[in-house]
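What you see is a predicted model, and the numbers here were worked out from it, not measured in a lab.
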Amino acid sequence: MEALLSFLQADFAGTPAWSWLLFIGIVISLLVFDLGVLHKEDREIGVRESLLLSAGYISAALLFGGWVWWQMGPSSGMAYYTGFLIEKSLSLDNVFVIALIFSFFAIPRQFQHRVLFWGILGVIVLRAIMIGLGAALVSNFGWLMYLFGAFLVFTGIKMWMIADQEPDIATNPILKFLKRRMRVTEGLRGNAFWVREPDAATGKTVRWATPLFLALVLIEFVDLLFAVDSVPAIFAITTDPFIVYTSNIFAILGLRALYFALAAMIHRFHYLKYALSLVLVFIGTKIFLVGFIGKIPAVVSLSVTFGLIGGGVLFSLWKTRSGASQPELKTE
């Protein structure tokens, strides 16, 4: 018993082990309830269900933030909520790319939740590696924060400049590599990622990947690319690995649930990308301002981030009201 208590109280990345176990238990419970109870069978998820599911995840995230505030203090609580808002806001850009990937592979809506769900498991592992590595580097090389700041400013400016451009999925190097290295079926095979079918050249039954698997890999790759922006952004708020990781994962869980509602009205949030670019520039600049004016309070960071994102959403909705800014369809 004493050994167990000692383990639970042991320090892990600056936080007691029992706090990490509590978080992991909550995440596992949410995922098991999602897949094992709500979505045992593949089916299309409507906008209403998507909003309700997302509301559940967001409620869990906010309650966990309240626990962080109570257990670790107001400063940690505010850092958690700021990190959660930043990660959720920056991840909204993922929705645009994920929708393009599903469209490119012609993935039916009833199979999309399966891809997103299993993609979450990859995100949990990849983010843990990236955040752990980032925390170790920052603690040993403080000057890296200035490198992060410069990178965020550069990324924000670049995002502003290419906001109107859409990625070309067909030319993605990861997709080309996968198609060269493995057999891929011409079409879907239900909800399977892998199947065993005869090879026309040899007549032997071999393993084939399906377009569903390719979509999963590309979505994981996209999340990895977006993490390169979002992880440094949250490190600019706090370097506590527990706050950074928990706020990241809760934001991603809720966003994947919200995808089905957002995907139906992506065109309404066209100008949000410009707001996100300003958020990155603000956070990157904030790192350099610390040397001149001192550390900027978390409440200021949260207020500015919320104001920029809220302004981007409202401006987008206003500009696209009644289809005002939607491109016209060309007719022959």
Side-chain angles (χ1 to χ4, degrees), residues 31-32 34-36 38-47 49-50 53-54 91-127 129 162 165-228 252-267 269 329:
L31 293 178
V32 169
D34 190 336
L35 188 65
L38 298 180
H39 303 104
K40 293 177 64 174
E41 299 179 357
D42 294 316
R43 58 184 176 80
E44 182 174 336
I45 297 178
V47 173
E49 182 180 355
S50 175
L53 187 60
S54 179
S91 295
L92 286 174
D93 210 24
N94 288 23
V95 173
F96 296 88
V97 183
I98 291 174
L100 287 175
I101 292 173
F102 282 147
S103 176
F104 178 80
F105 289 108
I107 306 297
R109 287 179 64 89
Q110 64 263 34
F111 297 144
Q112 291 177 7
H113 179 270
R114 176 178 173 82
V115 176
L116 293 175
F117 178 87
W118 289 107
I120 286 174
L121 301 183
V123 169
I124 291 174
V125 175
L126 291 174
R127 290 297 173 100
I129 295 173
I162 65 172
Q165 300 178 18
E166 289 187 356
D168 187 356
I169 305 299
T171 60
N172 184 279
I174 299 297
L175 179 59
K176 290 183 175 180
F177 174 82
L178 292 174
K179 287 188 173 182
R180 285 198 307 267
R181 298 290 178 175
M182 61 178 59
R183 302 178 183 88
V184 182
T185 60
E186 287 297 326
L188 295 175
R189 298 298 187 269
N191 66 358
F193 292 116
W194 296 89
V195 294
R196 296 188 64 82
E197 294 183 354
D199 186 349
T202 64
K204 297 181 180 179
T205 299
V206 294
R207 201 178 191 193
W208 294 72
T210 69
L212 208 65
F213 176 76
L214 297 185
L216 174 62
V217 173
L218 284 188
I219 288 174
E220 289 294 307
F221 176 69
V222 166
D223 181 80
L224 187 61
L225 290 180
F226 279 100
V228 174
I252 293 170
L253 287 175
L255 185 74
R256 294 294 170 92
L258 188 59
Y259 166 79
F260 298 95
L262 291 177
M265 46 183 166
I266 286 178
H267 63 281
F269 297 98
L329 297 176

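Between V123 and E220, the shortest heavy-atom contact is N-OE1, 3.5 Å. Here the shortest heavy-atom pairing between A209 and M182 reads CB-SD, 3.6 Å.
Of the possible polar contacts, none joining the T205 side chain to the R196 backbone as a donor-acceptor pair under 3.5 Å is found. Judged purely by atom type and a 3.5 angstrom limit, W118 has no side-chain atom pairing as donor or acceptor with the backbone of L216. Remark: side-chain polar atoms of R183 are not paired, donor with acceptor, to backbone N or O of V206 under 3.5 angstrom. A donor-acceptor contact shorter than 3.5 Å is absent between the side chain of R181 and the backbone of K179.
Taking the side chain as every heavy atom from C-beta outward, I124 and L31 approach each other to under 4.5 Å. Using a 4.5 Å cut-off on side-chain heavy atoms (C-beta onward), V125 and I129 make contact. Using a 4.5 Å heavy-atom cutoff, the side chains of F105 and L212 are not in contact. Here the side chains of L178 and V184 are not in contact, with every heavy-atom distance at 4.5 Å or above.
We find the CG-OG1 distance between N191 and T210 to be 9.0 Å, quoted to the nearest 0.5 Å. Here the straight-line distance linking atom CZ of F213 with atom CH2 of W208 works out to 15.0 Å at 0.5 Å rounding.
Each of D223, I98, V115, I174 was compared with L218 under the side-chain contact (heavy atoms from CB on, under 4.5 Å) criterion, and only I174 meets it.
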Test side-chain contact (heavy atoms from CB on, under 4.5 Å) applied to L116 and I120, step by step: CA-CA 6 Å; L116 293 175; I120 286 174; 5.8 Å; no
